[in-house]
Amino acid sequence: MLCFKDGSSLLRRNYVRIENHLDMTPFSDNDEHGFHFIEERIICDGAPIQESHPGTVITPNAKQYFLTGLNEEQQLAELLICRRKKNPNITNHLLVDNSKCLFECLNIESGSSTTNPPYTSLVNKGVTIRKHPLKNWCVYSNEVISKGQFIAEYVGVVQPIMMIHNSTVALNTFPNNHDYTFILKNIDESADGDTHEICGKYHGNFTSFINHSCNPNLIAFHVLKVEREERKENHPMNTFLIKEDVHMPHVYLFAKRNIEQDEELTLDYGHEYVQHVMNGECFCESKYCRYHQDP
Ligand SMILES: C[S@@+](CC[C@H](N)C(=O)[O-])C[C@H]1O[C@@H](n2cnc3c(N)ncnc32)[C@H](O)[C@@H]1O
């Protein structure tokens, strides 16, 4: 059994059981395809880290929602902003700005240690990774998970998108043809498209092995970790950001609905990905599958 920190908590460890019912090949840390379990994302050398946007005001017309009640509107959200500092006036809620679908979470349970980031994984019993004849490795929950629960951060190597697309050697020599990239949403409006991605191919945690489903039970949020905040008198939140990394948000996975024990954890990779990277071949077996056609 592998044991690793999930990147969300400095104290808590998530447990991963590896099972391979097909050929009993052990999947280990640093196995034949060179996968290394890591605890936090790695920023690749040369990736420009932009810290800017002084005075960006977040959520001027904010509404309040609770994390455990994600609704359709929230599920469409593109960005979750996570403050490191607590605002004593606001407790346990998310704020949504409809115009940009900004999420803001405050005071999410962070454990007893002050060094803990705001998220502590609520998944106590960890996950099991098993092989499937068509999808290869799959991740299953070892416990019942409630809608809205935080699962883990998608970690890997953060790199400029061009790096992997130019690096055909790396892609072609990899012993399997699975793809492990997560495009980061660039929220810098002056920038031309997305610039960075997280590659969980060689370095990652169990989230690298989460497969696509057309009816997923997880949802990914792009999270900006606010390093510092300042008081601003006229602002409804009384705060504004003075430092954020707009190119490299963190990707946090949450339960989109209640999940049963031993249910496979899945995400919707999006049409572009399934069409172009998976050639439209989806084995999610969901009755809502967008790609499977009955013979
Ligand atoms: C991030 S990896 C997921 C883990 C992967 N199954 C493995 O064995 O390492 C993404 C790759 O898994 C495969 N995959 C994920 N979801 C799938 C699905 N619903 N149907 C078929 N293949 C899938 C595709 O090859 C895709 O590029």
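Side chains are part of it too, since the values below use all heavy atoms of this structure and drop only hydrogens, waters and symmetry mates. Indexing begins at 1, ligand by ligand and atom by atom, following the structure's order.
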Ligand-side contact atoms (ligand 1) for residue partner [X], heavy atom cut-off under 4.0 Å:
X    : answer
C282 : 19 (N), 20 (N)
I210 : 3 (C)
S208 : 1 (C), 2 (S), 3 (C), 4 (C)
E281 : 20 (N), 21 (C)
N211 : 3 (C), 4 (C), 5 (C), 6 (N), 12 (O), 14 (N), 15 (C), 16 (N)

Using a heavy-atom cut-off of under 4.0 Å, does the side chain or the backbone of Y273 touch ligand 1, or both, or neither? side chain
Note: L134, heavy atoms under 4.0 Å from ligand 1, region reported as neither
Would you say the side chain of E264 lies within less than 4.5 Å of the side chain of K135, judging by non-hydrogen atoms? yes
Shortest reach to atom 23 (C) of ligand 1 by a heavy atom, considering only H212, M278, E264, H132: M278
For atom 8 (O) of ligand 1, which of the options W137, Y154, F209 provides the nearest non-hydrogen atom? W137
Does S213, backbone or side chain, put an N or O under 3.5 Å from an N or O of ligand 1? no
Which label fits Y154 and F182: parallel for a plane angle under 30°, tilted from 30 to 60°, or perpendicular past 60°? tilted
Any residue meeting side-chain hydrogen bond (donor to acceptor under 3.5 Å, both in side chains) with E263, in chain and number order, not counting sequence neighbours: N217, R257
Nearest heavy-atom neighbours spanning W137 and N211: O-ND2, 3.0 Å
Work out which heavy atom in C289 is nearest to a heavy atom in C282; give both atom names and the distance. SG-SG, 3.9 Å
How about H276 and Y269: are their ring centroids closer than 6.0 Å? no
How would you list all residue pairs meeting salt bridge (Lys or Arg N to Asp or Glu O under 4.0 Å) that involve residues 266-289, not counting sequence neighbours? D268-R290
